[in-house]
Colleague: 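Can you keep this structure in mind? I'll have questions shortly.
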Amino acid sequence: MNKRVYNESEITELKRQFCDSVPKEIVAFLNTDGGTIYIGIEDDGSICGVSDLDGTLRKIADIIDNQILPDASENIILGSEYIDGKHIVKVQVTKGSALYYIKKYGRSAQGFFLRVGTTARAMTEYQIEAAHLKYLTARADITEIVGKTVNPTFQYLKIMLVEKQFTVNDATFEQNLHLRTKDNIYNKQAELLADQNEVSIKVVRFAGKDKGDGILQRNEYGNKCLIVAMQQAFEYCAEVLNATEVSFRNGVRHDRYLFDKDAFREAWFNACLHNCWADGTPPAIYVFTDRMEIISTGGLPVNLSREDFFKGVSKPVNEELARLFIRLDLMEQTGYGVPLVVNRYGRDAFEFLDGFIRVTIPFAFEIDFTKEGAAANGSGILCELNPAHMRDKVRDKVRDKVRDKSLNATQKKIMELIKANPAVTLVQVGEQLGIGETAVHNNIAFLKQNGFIKRIGANKNGYWQILDWDNQ
């Protein structure tokens, strides 16, 4: 092949070898018109090849899987070619349908790039804001975005609806909950509400007043129904982290909580509801020694002023999800949440930044989360802090309800087989129940993820342990 075929252009990038600039080149192509990156080719178009093909492919695969948000895997084809006795790496990128950035830099100018001529250039704040608004407006409807979860199940959701006295009809369930696109494909809303998914909500505790003081603990609630995950995150913060300041005046005990649980609940549930799920980034909770921050993506809805926002005017981005939240008593239809937070903490609690909203809930007193149990806060007042081991006692309310009654017939039979023979293999399970390999793996995954069973030891010589089952 003639080396003159390889020339850098708006859609072609040549690299002699793998380097740190590859992530920004990929992001630039995603955000512009697509293109191809060749690694192992000199600037003049001559082929030099890559010395470590497998290593280079692994590095680029890691970039695709872990370093770029939102997920761009469907827009990138990674491969290699063998030319003139030398290996080159070929990364084909098509224009994405979102605004992409390098994860470690977050939503800052350092993470966003465009392809301009033959170079990748950082986007300006104005370009980022304009592009983000464009994609939010075009892709906000999660009922028309194709989800990633294949053959989802909705046992958690059905149980919650039944407990609120709603009738669940399997024949019309998906239609009534708007879980498919107009083309009859499971949508993003179905992905969020499925028993198993790839959505992960984080609660991160820091050792001081800013992130530079280091992470003390990172809890993840996810890979399950959004409503279950967000309730688990709420329970952890409200019941485990919410310390009490105790004082005595005239022999009478007075308690003061670290933060207002009702205001936190409204702020957190609203963040989960109004988050721009089309963007692919879930909301998060950051806990410092003097405050708590709730981050959600998307910013103010289009055509909603800040004044209307503070008045409680509700224009949910995810309308069908909002209707479900109202059915499950997770939110008020009257726009109660924002005014409540403003009443308790003022308008300054809300900060509108490029592409996301931050709600800051200041603590009533500063506390050292590194200390367990009761401790003095320096003023002679006793602080009762729920210790970390209480997490085992504070069970999510939905989880308590999702026990034996949530298991389908196949899962119950699997539990019986494991109870009778803890060393039973997946092949034996399939043979005895007459189900295929995929069905076995999906049901075992559900039982493991929801704390019913645990694998002890290796796959070949290990065994199953029953952890939590009403009928054991």
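Here, residue 1 is the first one in the sequence, and each next residue gets the next number. No hydrogens, no waters, no symmetry mates; every other heavy atom, side chains included, goes into these values.
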Colleague: Roughly how far apart are Q432 CD and L417 CG, rounded to 0.5 Å?
Modeller: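 Nearest 0.5 Å value for the CD-CG distance: 5.0 Å.
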Colleague: What are the two closest heavy atoms between D262 and D260, and how far apart are they?
Modeller: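 Nearest pair, atom of D262 first, then D260: N-OD1, 3.0 Å.
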Colleague: Measure up the F288 and F206 rings against each other and bin them: parallel (under 30°), tilted (30 to 60°), perpendicular (over 60°).
Modeller: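 Answer is parallel, since the angle falls under 30°.
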Colleague: Looking only at non-hydrogen atoms, find the nearest pair between Q428 and A423 and report the distance.
Modeller: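 Scanning both residues, the minimum pair turns out to be OE1-O, 4.3 Å.
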Colleague: Would you say N197 and E191 are linked by a side-chain donor-acceptor pair, where the criterion is simply a distance under 3.5 Å?
Modeller: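 No pair is found: no donor N or O on one side chain lies under 3.5 Å from an acceptor on the other.
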Colleague: Rounded to the nearest 0.5 Å, what separates atom NZ in K224 from atom CD in Q232?
Modeller: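 It comes to 3.5 Å.
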Colleague: Does either side chain, that of D71 or that of S73, offer a donor lying less than 3.5 Å from an acceptor on the other one?
Modeller: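 The answer is yes; a qualifying pair exists.
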Colleague: Mind listing the closest non-hydrogen atom pair of R291 and K209 along with its distance?
Modeller: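 Closest approach of R291 to K209: NH1-O, 2.7 Å.
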Colleague: Quick check: F234 with F264 (ring centres under 6.0 Å apart)?
Modeller: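 For F264 and F234, the ring centres are under 6.0 Å apart.
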Colleague: If the threshold is 4.0 Å, N to carboxylate O, is there a salt bridge linking K413 and E416?
Modeller: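 E416 and K413: not salt-bridged.
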Colleague: Could you pull out the closest heavy-atom pair between T56 and D52, with the gap in Å?
Modeller: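 Distance-wise, the nearest heavy atoms are OG1-O, 2.8 Å.
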Colleague: Counting only heavy atoms from other residues, nucleotides and ligands, does the tally under 6.0 Å from OH of Y257 exceed 12?
Modeller: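 For Y257, atom OH is not crowded (no more than 12 foreign heavy atoms under 6.0 Å).
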Colleague: Take atom CD in E220; do more than 12 heavy atoms of anything else shown fall under 6.0 Å from it?
Modeller: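 Counting neighbours around CD of E220, more than 12 heavy atoms of other residues, nucleotides or ligands fall under 6.0 Å, so yes.
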Colleague: Testing the basics here: between Y345 and A349, what is the closest heavy-atom pair and its distance to 0.1 Å?
Modeller: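 Taking Y345 first and A349 second, the nearest heavy atoms are CB-CB, 4.0 Å.
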Colleague: To the nearest 0.5 Å, tell me how far I227 CD1 sits from F269 CZ.
Modeller: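 I227 atom CD1 to F269 atom CZ measures 9.5 Å (nearest 0.5 Å).
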Colleague: Between P23 and I68, which heavy-atom pair has the shortest distance, and what is it?
Modeller: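 The answer is O-CD1, 4.5 Å.
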Colleague: Are T281 and N275 close enough that some pair of their side-chain heavy atoms sits under 4.5 Å apart?
Modeller: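 Not in contact.
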